[in-house]
Amino acid sequence: MKPQTMKTPPPAIAWVLEEGFFGYVGTSGKDGKPHITPVIFVYDGSSIFFITSKSAKKLNNIRENDKIAFLVDIRDPLNLSNNKAVLVQGTARIISFLRAITQVPRLLRVRSLFLKKYPKYAKAYREGRERLPKAWQTTLFLRRVLVMVNIEKITYWRGARRTVSICEEK
């Protein structure tokens with residue numbers, strides 16, 4: 001199957017990226033050892049964003065090697081042929097405080113997407129912050145950082161069949 005070029009993903013792919021609850025981040029450091037971890041995330045129509053601890057292995061890997069794989073998988077336990085998955089391959093960019101200042105409107109939208117998608121998480125973090133491990137406390141830029149995934153390639157599966165691969169236009 002020859003990859004299509006990507007402008008905006010088809011609605012079925014965008015739906016998986018918007019509605020999927022957990023994403024799985026695949027990274028490797030300079031040693032080449034793979035590492036996969038689940039995260040909560042949002043998709044703003046062009047990039048994927050997730051928040052992670054400054055002490056997380058995935059963040060150290062991203063600093064060493066910005067290539068990333070990000071999988072969103074939506075399973076239907078009542079109908080196995082209704083499973084959908086999107087694999088994004090691209091580069092990760094750690095959003096520093098200085099970079100955040102230059103992208104305030106976009107990042108406010110990303111914050112709004114997180115609050116809308118994960119209201120129970122937001123409430124639990126707000127009300128029970130002191131009970132969380134320090135690495136999980138949501139003090140952005142101090143203990144946690146925002147990571148943006150720049151999409152270069154998307155592979156989409158419906159059921160057990162790959163239906164489309166899309167690559168970024170160069």
Side-chain angles (χ1 to χ4, degrees), residues 6 8-28 34-59 61-62 66-95 100 103 106-129 131-140 143-166:
M6 179 172 43
T8 48
I13 292 173
W15 180 86
V16 172
L17 293 175
E18 291 164 0
E19 298 300 321
F21 202 71
F22 294 107
Y24 299 88
V25 177
T27 61
S28 66
H35 178 72
I36 299 173
T37 184
V39 295
I40 61 171
F41 72 98
V42 295
Y43 171 67
D44 76 345
S46 60
S47 300
I48 294 170
F49 293 85
F50 64 91
I51 299 170
T52 189
S53 166
K54 280 189 159 185
S55 62
K57 180 167 180 57
K58 65 182 154 292
L59 194 64
N61 284 350
I62 290 167
D66 68 353
K67 296 297 181 197
I68 194 167
F70 196 94
L71 176 70
V72 180
D73 184 23
I74 298 177
R75 299 279 166 166
D76 183 346
L78 302 176
N79 181 354
L80 296 178
S81 64
N82 195 28
N83 296 335
K84 296 170 180 66
V86 172
L87 173 64
V88 170
Q89 294 169 296
T91 54
R93 176 179 283 169
I94 300 165
I95 305 298
Q103 297 182 21
R106 184 178 190 190
L107 296 181
L108 286 173
R109 171 144 166 68
V110 167
R111 181 180 185 273
S112 175
L113 290 170
F114 269 109
L115 293 173
K116 182 179 177 186
K117 187 172 183 180
Y118 302 101
K120 289 182 182 178
Y121 280 47
K123 182 179 179 185
Y125 278 96
R126 193 173 48 251
E127 294 176 359
R129 185 169 187 260
R131 292 187 302 269
L132 295 170
K134 285 191 188 260
W136 287 13
Q137 293 177 3
T138 56
T139 311
L140 203 54
R143 291 198 178 102
R144 316 261 307 153
V145 294
L146 182 65
V147 178
M148 178 174 70
V149 179
N150 295 311
I151 299 170
E152 295 171 3
K153 180 180 179 186
I154 294 175
T155 304
Y156 173 62
W157 293 270
R158 187 176 61 235
R161 305 178 106 166
R162 183 175 65 160
T163 61
V164 67
S165 289
I166 304 171

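These numbers were taken from a predicted model, which means no experiment stands behind them.
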Asker: Enumerate the residue pairs fulfilling salt bridge (Lys or Arg N to Asp or Glu O under 4.0 Å) with a member in residues 14-24, sequence neighbours excluded, ordered by first and then second residue.
Answerer: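 Salt bridge (Lys or Arg N to Asp or Glu O under 4.0 Å) check on residues 14-24 returns no pairs.
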Asker: Looking only at heavy atoms, which two atoms of Tyr43 and Ile151 are closest? And how far apart?
Answerer: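 That closest heavy-atom pairing would be CE1-CD1, 4.0 Å.
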Asker: Do you know the tightest heavy-atom contact between Gly20 and Lys117?
Answerer: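 Looks like O-NZ, 2.7 Å.
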Asker: Side chains of Lys58 and Val39: does their closest heavy-atom pair fall under 4.5 Å?
Answerer: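 In contact.
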Asker: Using a 3.5 Å distance criterion without hydrogens, assess whether the side chain of Tyr118 forms a donor-acceptor pair with backbone atoms of Phe21.
Answerer: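 Yes.
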Asker: Working to the nearest 0.5 angstrom, can you tell me the gap between Ile154 CD1 and Gln89 CD?
Answerer: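 Answer rounded to 0.5 Å: 10.5 Å.
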Asker: Does anything in residues 81-92 form a salt bridge (Lys or Arg N to Asp or Glu O under 4.0 Å)? List the pairs, not counting sequence neighbours.
Answerer: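 Listed once each, the pairs would be none.
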Asker: Determine the sole option in Ile48, Ile62, Ile95, Asp66 for which the side-chain contact (heavy atoms from CB on, under 4.5 Å) test with Val147 is passed.
Answerer: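 Per the side-chain contact (heavy atoms from CB on, under 4.5 Å) rule, the option paired with Val147 is Ile62, out of Ile48, Ile62, Ile95, Asp66.
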Asker: At what distance, to the nearest 0.5 angstrom, does CD1 of Ile13 lie from CG of Leu87?
Answerer: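 If we round to the nearest 0.5 Å, Ile13:CD1 and Leu87:CG are 11.0 Å apart.
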Asker: Taking all non-hydrogen atoms of both residues, which atom of Gly23 and which atom of Val72 are closest, and how far apart?
Answerer: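 Shortest heavy-atom separation between Gly23 and Val72 comes out as CA-CG2, 4.5 Å.
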Asker: Looking at every heavy atom in both Ser47 and Met148, which two are closest together, and how far apart are they?
Answerer: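 Result for this residue pair: CB-CG, 3.7 Å.
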Asker: Grab the two heavy atoms, one from Tyr156 and one from Ala12, that are nearest each other, plus how far apart they are.
Answerer: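 Closest heavy-atom pair between Tyr156 and Ala12: OH-CB, 3.6 Å.
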Asker: Within this structure, what is the CD1-CD distance for the pair Ile68 and Glu152, rounded to the nearest 0.5 Å?
Answerer: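 Going from the CD1 atom of Ile68 to the CD atom of Glu152 covers 11.0 Å.
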Asker: With a 4.0 Å cut-off, would you call Arg109 and Asp44 a salt bridge?
Answerer: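 No, no charged N to carboxylate O under 4.0 Å.
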Asker: Can you confirm whether Thr52 sits close enough to Val145 that some side-chain heavy atom of one is under 4.5 Å from a side-chain heavy atom of the other?
Answerer: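 Answer yes - side chains close enough.
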Asker: For a quick test of reading the model, state the closest non-hydrogen atom pair linking Tyr24 to Pro38 and the distance between them.
Answerer: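 Heavy atoms only, the tightest pair is CE2-CB, 3.7 Å.
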Asker: Answer yes or no: does atom CZ of Arg111 have more than 12 heavy-atom neighbours from other residues, nucleotides or ligands under 6.0 Å?
Answerer: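 No.
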Asker: Taking the side chain as every heavy atom from C-beta outward, state whether Leu107 and Phe49 have any pair of such atoms under 4.5 Å apart.
Answerer: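 They are in side-chain contact.
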Asker: Can any side-chain N or O of Asp76 pair as donor or acceptor with the backbone N or O of Asn83 at less than 3.5 Å?
Answerer: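 A pair under 3.5 Å: no.
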Asker: What distance do Thr27 atom OG1 and Lys67 atom NZ have between them, rounded to the nearest 0.5 Å?
Answerer: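 Between Thr27 OG1 and Lys67 NZ, I get 14.0 Å after rounding to 0.5 Å.
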Asker: Tell me, do Trp15 and Ile74 make a side-chain contact under 4.5 Å, heavy atoms counted?
Answerer: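 Heavy-atom side-chain distance check passes, below 4.5 Å.
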Asker: Is there a side-chain contact between Val149 and Phe41 (heavy atoms, below 4.5 Å)?
Answerer: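 No, side chains not in contact.
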